[in-house]
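All remarks here apply to the structure that follows.
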Amino acid sequence: AAEHFIFMEYFIIDFGEMWDEILNILIDKAQKGVEIRLMYDGTNTFSRLPVKYPKELESLGIKCKVFSPIRPVFTTYQNHRDHRKIVVIDGKVAFTGGINLADEYIGKYERFGKWKDTGVMISGNAVKNFTLMFLQIWNLKSKNKKEKKCLATAYTVEQYAMLYQKYTNISYKTQSNGYVLGYGDSPFDTERVGENVYLQMINTAKRYVHIMTPYLILSYEMIQALTFAAKKGVDVKIIMPHIPDKKYAFWVARTYYQNLIDNGVKIYEWKPGFVHAKVFTSDGDKAVVGTINLDFRSLHLHFECATYLYKVEEIKKIEEDMEETLKKCKEVTLADCKNEKLPIKIVGSILRLFAPLM
């Protein structure tokens with residue numbers, strides 16, 4: 001239904017039914033004069049998309065950029081990936097969540113058993129934040145050595161004012177009893193926004209904190225927050241995959257299980273397959289749906305985004321999805337931890353030393 005512009009920013013795009021259908025719509029819209037901007041992370045050119053794919057899309061009327069293409073040189077900047085998933089349509093509707101543009105995300109084929117993921121659609125003033133997040137990354141430059149090292153340069157005040165006026169000067173007729181806030185996280189700012197939001201939800205919970213995450217590679221602060229909340233009587237539940245996409249990350253995650261369970265945290269594994277959702281809910285009045293995993297890369301190295309919801313009706317639906325997911329989970333017990341195969345315990349413990357690289 002786009003009339004003016006479509007902005008899309010994704011960590012993964014891959015050929016298949018999902019992308020083909022969306023691409024056909026984008027081509028049609030571009031031919032009708034809608035401005036299309038598409039950006040994807042440079043890791044796609046390493047494994048999924050041709051190096052010259054942006055030129056192919058440009059020939060179809062779609063503006064395209066690759067974020068930080070993979071280079072055959074050793075440099076730390078290549079650690080900083082664009083892990084965001086954002087769609088903005090006319091500045092009126094936005095989407096984010098764990099879902100990339102590839103067929104495994106919509107269950108067209110199985111990679112690691114069934115695939116569990118989540119996303120959220122936003123309308124109203126909260127869309128402005130996603131519009132500006134997209135435009136900020138779109139404007140990344142690398143004209144000199146300093147910029148190449150840090151990847152990003154900020155807009156000038158004048159540039160921000162112009163872009164804000166052009167893409168966010170929209171009238172809304174939406175009503176909500178609570179608040180919806182889109183937010184981003186960057187490895188180059190001075191705040192750990194993603195981690196701080198999660199910690200705030202855990203630390204202020206009075207009844208429960210329920211979490212879905214594909215990875216569990218925790219900092220000392222996160223372990224302390226989770227275990228202290230459980231000791232206070234808060235119902236802390238974490239849903240993990242039962243069939244992992246990365247065995248080494250899964251083995252590291254399992255090294256945290258025993259300590260967490262010993263201190264009252266309940267851990268579940270989703271039996272049908274792989275959980276890729278990144279969701280927090282707390283006390284029926286707070287929720288986060290976004291791209292931010294509970295691992296070092298998401299919390300410290302990647303560009304990420306999420307939606308924070310406070311006292312809105314949809315939080316009930318998010319918690320209902322949690323409860324439905326739990327019905328297909330197996331609770332991990334201390335006996336399971338003790339009966340883990342010795343080689344996996346040893347490898348997991350060794351790899352945990354390199355957790356910041358995972």
Side-chain angles (χ1 to χ4, degrees), residues 8-13 18 22 83-89 93-108 110-123 126-127 129-130 133 178 180-185 194 197-198 201-202 208-216 236-245 253 267-295 297-299 302 304-310 312-329:
M8 304 182 74
E9 178 182 349
Y10 277 90
F11 181 56
I12 291 173
I13 297 177
M18 185 183 193
I22 290 172
H83 194 244
R84 294 175 179 176
K85 293 92 178 166
I86 294 175
V87 179
V88 179
I89 301 165
V93 176
F95 295 85
T96 192
I99 304 165
N100 284 297
L101 301 182
D103 281 358
E104 62 264 39
Y105 291 86
I106 55 172
K108 286 298 176 182
E110 293 189 9
R111 291 187 66 195
F112 314 104
K114 300 290 184 181
W115 193 285
K116 167 68 183 176
D117 222 322
T118 55
V120 61
M121 182 176 76
I122 305 142
S123 63
V127 177
N129 284 17
F130 286 101
M133 273 189 269
V180 178
L181 176 67
Y183 64 94
D185 202 357
V197 170
Y198 285 162
M201 290 183 69
I202 297 166
Y208 71 81
V209 176
H210 295 162
I211 300 165
M212 268 197 280
T213 179
Y215 311 114
L216 199 70
V236 182
K237 291 188 173 93
I238 302 174
I239 299 174
M240 290 281 293
H242 186 63
I243 302 175
D245 66 333
I267 299 176
Y268 300 82
E269 291 182 359
W270 191 61
K271 292 186 292 184
F274 182 60
V275 171
H276 190 253
K278 307 94 167 54
V279 179
F280 269 57
T281 61
S282 174
D283 292 349
D285 60 5
K286 294 183 286 291
V288 167
V289 180
T291 70
I292 307 169
N293 298 315
L294 275 180
D295 65 3
R297 283 194 168 277
S298 265
L299 296 174
H302 288 169
E304 303 279 2
C305 65
T307 302
Y308 182 85
L309 302 100
Y310 179 69
V312 295
E313 296 271 334
E314 285 71 18
I315 293 172
K316 182 180 178 182
K317 297 178 184 178
I318 298 170
E319 180 56 28
E320 286 173 355
D321 181 60
M322 284 275 193
E323 297 298 332
E324 286 299 311
T325 305
L326 278 169
K327 291 177 182 178
K328 295 182 179 180
C329 288

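Keep in mind that the numbers below use all heavy atoms, side chains included, and drop hydrogens, waters and symmetry copies. Computed from a prediction, not measured in an experiment: that's the story for all the values here.
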Interatomic spacing from [atom1] in [X] to [atom2] in [Y] - rounded to 0.5 Å:
X: Phe130; Y: Thr307; atom1: CZ; atom2: OG1; result: 3.5 Å
X: Tyr10; Y: Ile99; atom1: OH; atom2: CD1; result: 8.0 Å
X: Ile267; Y: Lys237; atom1: CD1; atom2: NZ; result: 13.0 Å
X: Asn293; Y: His276; atom1: CG; atom2: NE2; result: 6.0 Å
X: Tyr198; Y: Leu299; atom1: OH; atom2: CG; result: 7.5 Å
X: Leu216; Y: Ile238; atom1: CG; atom2: CD1; result: 5.0 Å

Review point. Mind checking what makes side-chain contact (heavy atoms from CB on, under 4.5 Å) contact with Lys328, not counting sequence neighbours?
Key: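 Testing Lys328 for side-chain contact (heavy atoms from CB on, under 4.5 Å), a comparison that skips the adjacent residues, returns Trp270, Pro272.
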Decide yes or no for [X] and [Y]: does some side-chain heavy atom of the first lie under 4.5 Å from some side-chain heavy atom of the second?
X: Ile292; Y: Phe280; result: no
X: Val289; Y: Thr96; result: no
X: Val209; Y: Met201; result: no
X: Ile239; Y: Lys116; result: no
X: Met240; Y: Thr213; result: yes
X: Met212; Y: Asp321; result: yes
X: Tyr208; Y: Glu319; result: yes
X: Phe274; Y: Pro214; result: yes

Check your understanding: Given Val279 and Met322, is the side-chain contact (heavy atoms from CB on, under 4.5 Å) satisfied, shown in steps?
Key -> CA-CA 9 Å; Val279 179; Met322 284 275 193; 3.6 Å; yes
Minimum-distance pair of heavy atoms, taken over all atoms of [X] and [Y]:
X: Met133; Y: Glu9; result: O-OE1, 4.4 Å
X: Asp185; Y: Gly194; result: OD2-N, 2.9 Å
X: Ile12; Y: Ala102; result: CG2-CB, 4.2 Å
X: Thr291; Y: Ser298; result: O-OG, 3.9 Å
X: Val127; Y: Ile122; result: CG2-O, 3.6 Å

**Study point:** Of all pairs that satisfy salt bridge (charged side-chain N to carboxylate O under 4.0 Å, His left out), the ones with a partner from residues 270-280, not counting sequence neighbours
**Key:**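 Non-adjacent pairs meeting salt bridge (charged side-chain N to carboxylate O under 4.0 Å, His left out): zero.
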Review point. Among Arg84, His83, Arg297, which residue meets the side-chain hydrogen bond (donor to acceptor under 3.5 Å, both in side chains) test with Glu304?
Key: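 The option that passes is His83.
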Review point. Does a sphere of radius 6.0 Å around CD in Glu323 hold more than 12 heavy atoms from other residues, nucleotides or ligands, not counting ones at 6.0 Å or beyond?
Key: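 Yes.
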Check your understanding: Any chance the side chains of Tyr105 and Asn100 put a donor and an acceptor closer than 3.5 Å?
Key ->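 Their side chains do contain a donor-acceptor pair, which is all the 3.5 Å distance test asks for.
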Check your understanding: Who pairs with Ser282 by side-chain hydrogen bond (donor to acceptor under 3.5 Å, both in side chains), at least two apart in sequence or on another chain?
Key ->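 For Ser282 there are no side-chain hydrogen bond (donor to acceptor under 3.5 Å, both in side chains) partners, ignoring immediate neighbours.
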Review point. Is a salt bridge present between Lys327 and Glu324, judged by a nitrogen-to-oxygen distance below 4.0 Å?
Key: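 Salt bridge between Lys327 and Glu324, a charged N being under 4.0 Å from a carboxylate O: yes.
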Practice item. List the steps, then state whether side-chain contact (heavy atoms from CB on, under 4.5 Å) holds for Met8 with Ile13. Key: CA-CA 11 Å; Met8 304 182 74; Ile13 297 177; over 6 Å; no
Exercise for review: Please check if the side chain of Asp295 supplies one atom and the backbone of Tyr215 the other of a donor-acceptor pair under 3.5 Å.
Suggested key: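 No; judged by distance alone, with no hydrogens or angles, the pair does not exist.
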Exercise for review: List the steps, then state whether ring-ring contact (aromatic ring centres under 6.0 Å, His included) holds for Tyr308 with Tyr183.
Suggested key: CA-CA 8 Å; Tyr308 182 85; Tyr183 64 94; 7.1 Å; no
